[in-house]
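Reading through the structure tokens given below for one structure.
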Amino acid sequence: MTENNPEEKPLRRSKKTVEAPEDTGFSRTKTRQKQKLESQAEKIKQLAKKLNYAIIGLIVAIILVFLFMRFVNF
């Protein structure tokens with residue numbers, strides 16, 4: 001860098017121009033905790049879906065039993 005050429009930019013970085021992305025820079029512990037929370041959220045979704053299927057199956061079974069009792073005169 002020459003002192004006579006004002007168009008050259010200085011080589012040092014200022015805090016205002018350098019911004020780190022929010023997702024980088026996590027420690028291993030924070031990354032592991034984040035992955036654990038994401039894993040738990042995925043497991044909860046899967047269990048909720050299974051629970052919904054179980055509830056629907058029980059409702060259908062109850063309706064079939066009532067229909068059987070109604071038409072067979074049990």
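This structure is a prediction, so every number in the text was calculated from the model and none was measured.
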message: Using the side chain to side chain contact (heavy atoms under 4.5 Å, CB included) criterion, which residues pair with Q40? Sequence neighbours excluded.
response: K36, L37

message: List the residues meeting side chain to side chain contact (heavy atoms under 4.5 Å, CB included) with K30, not counting sequence neighbours, and say none if there are none.
response: F26, S27

- line: Besides F66, the hydrophobic cluster formed by Ile, Leu, Val, Met, Phe, Trp and Tyr side chains linked at under 4.5 Å, directly or via other members, contains I62

Pairing residues for I55 by the side chain to side chain contact (heavy atoms under 4.5 Å, CB included) criterion, not counting sequence neighbours: L51, I59

- prompt: Given the rule that I, L, V, M, F, W and Y join up when any side-chain heavy atoms are under 4.5 Å apart, are V60 and F68 in one cluster?
  reply: no

